[in-house]
Amino acid sequence: MKEKARQARAENRIIGLVPTMGALHDGHASLIARAKRECSPVIASIFVNPKQFGPSEDFAKYPRSFETDCEKLRQAGVDALLAPEAAEVYPKGFSTYVHVEGLSEKLEGRSRPGHFRGVSTVVLKLLEIVQPHRAYFGRKDAQQARLITHMARDLNLDSEIVVCPIVREPDGLALSSRNAYLNREERKAATVLVGALQAAKQELGAGHRDALHLASTLRRKLDSEPLAAVDYAAVVDAESFEPVVRVSCACYVLLAVFIGKTRLIDNLYVEPKAPGSDELVFHL
Ligand code: AMP
């Protein structure tokens, strides 16, 4: 892969990288489509990274569909696939990790200790191997996208980190490989996440900017679903991921909710229409 990427760079081509854990869906496809519009070659990676799963998490049963994924990548016009084995990525004696301080400890990081250390380490490795001009990530994993953007800046990486909008099912559920875990009843219940975010959006649209007010709106909606157990519901600054008192700058409304045994995340991104403006633009 290094040799292939080196050759593309020597030909002055713009390399795009789309890292994934496979079990590909239309969310991944949207990243690939954006990369195809902006880059050639487009390289995708599939690697279910053991180091970003906790000991009691779903690494062993994470959905894997390699053959179907390869066909989807071919159809999407991806030029190359990087799909290494864990033993290649982490050879015997592997002991070097990247830790993005601060961001790694909050929210997702607090609920999933060690998760972001695994994410930043593997993403840095992928960026080092391919050295893409642009690497594409989904806003579905907002904290991950922020963490990677921050790491790229701190470590002077040459890759531009591009963050793409969330792709949703017709009923609003954010696409996720983990949606495959949901039974029929849970699948119905899972729309409570987007429902809660829509309720928050409505309150913000009506001029309520108080984070406590928004948090209680989220809770009320989420608590109305018997199959849902809230891990966190937070309103945070979009850069620092620190809680805000009022929504007056770019913010995320973030949710992590168990539907049965399946942990789902979703978010609403809100930003002022123009610098200093009181009017908000919503990205759901
Ligand atoms: P994953 O395979 O779940 O690790 O995801 C690979 C990339 O696809 C990450 O950058 C995700 O944020 C992104 N992604 C996953 N789901 C979606 C979605 N519904 N919409 C947009 N991007 C997504």
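We count ligands from 1, going down the list as the structure has it; atoms in each ligand are counted the same way.
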Q) With a 4.5 Å limit on heavy-atom distance, are the side chains of Q143 and F116 in contact? A) yes
Q) For T68, what residues pass the side chain to side chain donor-acceptor pair (under 3.5 Å) criterion, not counting sequence neighbours? A) none
(Q) Could you check whether K188 pairs with E185 (Lys NZ or Arg NE/NH1/NH2 to Asp/Glu carboxylate O, under 4.0 Å)? (A) no
Q.
Suppose we screen for side chain to side chain donor-acceptor pair (under 3.5 Å). Which residues come up paired with S111, at least two apart in sequence or across chains?
A. D231
Q. If you look only at pairs with a residue in residues 221-266, which of them pass as a ring pair (Phe, Tyr, Trp, His ring centres under 6.0 Å), with sequence neighbours excluded?
A. F241-Y252, Y252-Y269
Q: Compile the protein residues with any heavy atom at a distance under 4.0 Å from an atom of ligand 1; present them by chain, then by number.
A: P19, T20, M21, H25, G27, H28, L31, Y62, F137, G138, K140, D141, Q144, P165, I166, V167, L175
(Q) Side chains of H213 and E203: any donor to acceptor distance under 3.5 Å? (A) yes
